[in-house]
Amino acid sequence: MLTVALSKGRICDEATPLLARAGIVLGEDPAGSRRLCIATSLEDVRILVLRAQDVPTFVEHGAADLGITGKDVLLEHCGAGLYEPLDLGIARCRLVLAAVADAKPARPRPRVATKYVETTRRFFSGKGIQAEIIRLYGSMEIAPAAGLADCIVDLVETGATLAANGLVVREEIAAISARLIVNKAAMKLSHRRVSSLVERIGRAAAGEEGGCT
Ligand code: ATP
Ligand code: MG
């Protein structure tokens with residue numbers, strides 16, 4: 001049995017049709033089901049539906065052989081034991097630094113609100129700036145107006161939420177999309193099965209029909 005850990009929410013919505021093109025049809029719709037382990041049209045492939053941040057943890061520990069999650073999550077995870085063979089080209093957005101449009105010049109130690117604490121720390125220390133990082137779990141966009149932080153690091157797609165909260169993009173930190181990850185030991189021990197799955201998902205991501213190989 002091969003287990004694929006799939007990030008729920010937006011990535012799941014876009015990955016489900018991609019997996020179907022690869023010949024991996026989910027037995028039920030994760031959005032409409034309470035079941036967290038879902039069988040597929042391939043009798044030796046099952047899907048675990050997880051919180052995005054938990055996908056690399058399951059794959060790293062071998063509780064899942066493969067995983068699908070956002071590059072933002074992988075940048076933050078910093079773990080070992082994972083291959084990242086495919087950019088699936090779905091759930092595209094950008095990780096950006098954003099601030100109030102008419103903000104005063106940055107102070108020497110800017111306060112930055114984000115849920116991407118590690119990535120933000122690396123980004124600022126790469127510039128020789130020691131930022132004060134304030135961890136939030138959501139609604140980052142309100143932090144500057146509320147006086148909690150000078151700026152935020154968050155994902156944007158259209159920028160509409162930023163604009164609605166009086167924020168503008170100051171810098172792009174990374175281009176984000178969903179990635180396929182693979183447990184290193186599984187790649188070695190189940191090489192044929194895993195690499196054939198990676199190949200068919202790769203073909204589906206490239207827009208070709210995965211077919212019945
Ligand atoms: P919640 O928003 O329910 O608290 P979450 O933030 O973990 O949960 P999502 O918002 O579905 O879940 O985000 C999961 C992943 O989807 C992110 O890690 C990112 O890779 C991707 N994603 C998030 N926002 C966007 C976006 N605006 N456009 C494209 N992809 C996105
Ligand atoms: Mg979210």
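A search for salt bridge (charged side-chain N to carboxylate O under 4.0 Å, His left out) contacts involving Lys188 returns nothing, not counting sequence neighbours. Residues satisfying the side-chain hydrogen bond (donor to acceptor under 3.5 Å, both in side chains) criterion with Ser177, sequence neighbours excluded, are Asp87, Arg179. For Lys8, the salt bridge (charged side-chain N to carboxylate O under 4.0 Å, His left out) criterion is met by no residue, not counting sequence neighbours. Residues satisfying the side-chain hydrogen bond (donor to acceptor under 3.5 Å, both in side chains) criterion with Glu28, sequence neighbours excluded, are Ser33, Arg35. A search for side chain to side chain contact (heavy atoms under 4.5 Å, CB included) contacts involving Thr40 returns Ile24, Leu42, Val45, Ile47, not counting sequence neighbours. Checked against side-chain hydrogen bond (donor to acceptor under 3.5 Å, both in side chains), Arg111 has no partners two or more places apart in sequence or in another chain. Applying the side-chain hydrogen bond (donor to acceptor under 3.5 Å, both in side chains) rule to Arg192 yields no partners; only residues at least two apart in sequence or on another chain are considered.
Apart from Val73 itself, the hydrophobic cluster it occupies contains nothing, where clustering links Ile, Leu, Val, Met, Phe, Trp and Tyr at side-chain heavy-atom distances under 4.5 Å. When hydrophobic residues (I, L, V, M, F, W, Y) are linked wherever their side-chain heavy atoms come within less than 4.5 Å, the members clustered with Ile181 are Leu48, Leu50, Val55, Phe58, Val59, Leu74, Leu82.
The stretch residues 42-65 participates, sequence neighbours left out, in these salt bridge (charged side-chain N to carboxylate O under 4.0 Å, His left out) pairs: Asp44-Arg193.
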Report, one line per pair, each donor and acceptor closer than 3.5 Å where one atom sits in a side chain of residues 153-169; sequence neighbours left out.
| from | atom 1 | to | atom 2 | distance (Å) |
| --- | --- | --- | --- | --- |
| Glu157 | OE1 | Arg10 | NH1 | 3.4 |
| Thr158 | OG1 | Ala160 | N | 3.1 |
| Asn165 | ND2 | Thr161 | O | 2.8 |

Name every donor-acceptor pair, under 3.5 Å, that has one atom in a side chain of residues 128-139 and the other anywhere in the protein, sequence neighbours excluded.
none

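Ser7 approaches Ala52 most closely through the heavy-atom pair OG-CB, 3.2 Å.
With Glu76 as the partner, the side chain to side chain contact (heavy atoms under 4.5 Å, CB included) test is satisfied by one option alone out of Glu118, Gln53, Lys115, Lys71: Glu118.
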